[in-house]
Amino acid sequence: MAFYFSNLILQTAQQKKQTMEEKLNTLRAGVLGSNDGILTVVGVLVSVAAATSDRFTIFIAGLSDLLACAFSMASGEYASVSTQKDTEESAVSKEQHLLKTDFESEVAAVKDYYVSKGVTPETSLAIAKDLLSKKPLETVVRVKYDIELGHYLNPWDAAFSSLFSAAAGGIFPLCAMTFAPAAYKWYAVILAVVLTSALTGYISSKLGNGLVKIAVIRNIIIALITVAIHYGVGKLF
């Protein structure tokens with residue numbers, strides 16, 4: 001009975017973990033998209049603004065890059081997550097076949113899993129046989145691949161998250177360059193880049209349980225280096 005409840009708790013934890021992974025994947029795509037939107041748009045804006053003072057030209061260049069970046073990030077995330085989803089579904093199909101053709105090896109795999117968790121071989125075998133008699137496919141894919149059956153990452157969630165976040169990240173430097181008074185446009189752009197880069201650094205560190213201060217400073221430094229390089233390119237040409 002004790003083993004039954006411990007196994008039930010383990011399965012519940014796995015389900016929660018998988019659901020959280022789905023949410024974190026969407027958030028991760030959003031943070032990466034936002035950061036990419038900031039850097040690519042400000043790079044184009046600074047390059048063009050350093051070469052010309054025509055605000056309409058600068059705006060069109062920045063807007064075009066914003067749209068290109070947003071759709072590029074979205075398509076990339078869709079392709080990446082779709083590949084992962086296809087891999088997971090392929091693993092499930094493989095295990096369905098093995099359950100029909102080599103059931104004993106599946107029992108052994110589940111048994112070995114519980115032995116690795118510190119359960120005795122005899123008890124592990126009993127648990128494996130009990131689980132495979134009730135939920136064979138669900139048990140095997142969870143044990144062997146850490147996949148919760150029916151909980152696959154959604155490529156559309158990741159794609160739309162990247163699409164909107166990249167657009168949102170790029171819109172701040174674009175608005176700063178477009179609408180700030182001419183005498184203050186460079187200050188406005190740098191301020192927008194610093195604030196948005198700091199925000200994405202903060203969020204990414206929280207998602208990854210990293211050091212907030214280091215992540216924020218790193219993002220700001222990378223953003224300022226991006227501005228400096230593209231400003232140099234614009235002045236050169």
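Keep in mind that this is a model prediction, so the values were computed, not measured.
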To the nearest 0.5 Å, tell me how far [X] [atom1] sits from [Y] [atom2].
{"X": "L98", "Y": "S105", "atom1": "CG", "atom2": "OG", "answer": "5.5 Å"}
{"X": "E95", "Y": "D102", "atom1": "CD", "atom2": "CG", "answer": "10.0 Å"}
{"X": "T139", "Y": "L132", "atom1": "OG1", "atom2": "CG", "answer": "5.5 Å"}
{"X": "I225", "Y": "H230", "atom1": "CD1", "atom2": "NE2", "answer": "12.5 Å"}
{"X": "I220", "Y": "T196", "atom1": "CD1", "atom2": "OG1", "answer": "9.5 Å"}
{"X": "S53", "Y": "K185", "atom1": "OG", "atom2": "NZ", "answer": "6.5 Å"}

With a 4.5 Å cut-off on side-chain heavy atoms, are [Y] and [X] touching?
{"X": "I38", "Y": "S34", "result": "yes"}
{"X": "L199", "Y": "V216", "result": "no"}
{"X": "M177", "Y": "I58", "result": "yes"}
{"X": "V92", "Y": "E88", "result": "no"}
{"X": "Y184", "Y": "P181", "result": "yes"}
{"X": "Y202", "Y": "N219", "result": "no"}
{"X": "P155", "Y": "K85", "result": "yes"}
{"X": "S93", "Y": "H97", "result": "no"}

Mind checking whether [X] and [Y] sit in one hydrophobic cluster, side chains of I, L, V, M, F, W, Y counted as touching below 4.5 Å?
{"X": "F103", "Y": "Y113", "value": "yes"}
{"X": "M73", "Y": "W156", "value": "no"}
{"X": "I214", "Y": "I203", "value": "no"}
{"X": "V212", "Y": "V194", "value": "yes"}
{"X": "F59", "Y": "L66", "value": "yes"}

| message | Distance alone, cut at 3.5 Å: any donor-acceptor contact between the side chains of N35 and T200? | response |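 Yes, a side-chain donor-acceptor pair sits under 3.5 Å.
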
| message | Is it the case that the side chains of T83 and S80 hold a donor-acceptor pair, with the cut-off being a distance below 3.5 Å and no angle test? | response |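 There is no such pair between these side chains.
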
| request: Let me see the working for I127 and V110 under side chain to side chain contact (heavy atoms under 4.5 Å, CB included), right down to the final yes or no. | output: CA-CA 8 Å; I127 293 174; V110 178; 5.7 Å; no

Would you check if the side chain of [X] reaches a backbone N or O of [Y] as a donor-acceptor pair within less than 3.5 Å?
{"X": "T178", "Y": "L174", "result": "yes"}
{"X": "D65", "Y": "V44", "result": "no"}
{"X": "T52", "Y": "A49", "result": "no"}
{"X": "S162", "Y": "A159", "result": "no"}

| message | Apply side chain to side chain contact (heavy atoms under 4.5 Å, CB included) to residues V41 and F172 and explain how you reach the verdict. | response | CA-CA 9 Å; V41 172; F172 290 104; over 6 Å; no

If you take all heavy atoms of [X] and [Y], which pair is closest and at what distance?
{"X": "S72", "Y": "S75", "result": "O-OG, 2.9 Å"}
{"X": "L131", "Y": "R142", "result": "CD1-NH2, 4.3 Å"}
{"X": "D36", "Y": "C69", "result": "OD2-SG, 3.3 Å"}
{"X": "P121", "Y": "V115", "result": "CA-CG2, 3.9 Å"}
{"X": "V143", "Y": "A109", "result": "CG1-O, 4.1 Å"}
{"X": "A61", "Y": "V48", "result": "CB-CG2, 3.8 Å"}

Decide if atom [atom1] of [X] counts as having more than 12 heavy atoms of other residues, nucleotides or ligands within a radius under 6.0 Å.
{"X": "L195", "atom1": "CG", "result": "yes"}
{"X": "Y145", "atom1": "OH", "result": "yes"}
{"X": "Y187", "atom1": "OH", "result": "no"}

| said: Go through it in stages, so that I can follow the logic: the residues are Y114 and T123, the test is side chain to side chain contact (heavy atoms under 4.5 Å, CB included), and I'd like the CA-CA distance, side-chain angles, deciding distance and then a yes or no. | reply: CA-CA 9 Å; Y114 283 99; T123 305; over 6 Å; no

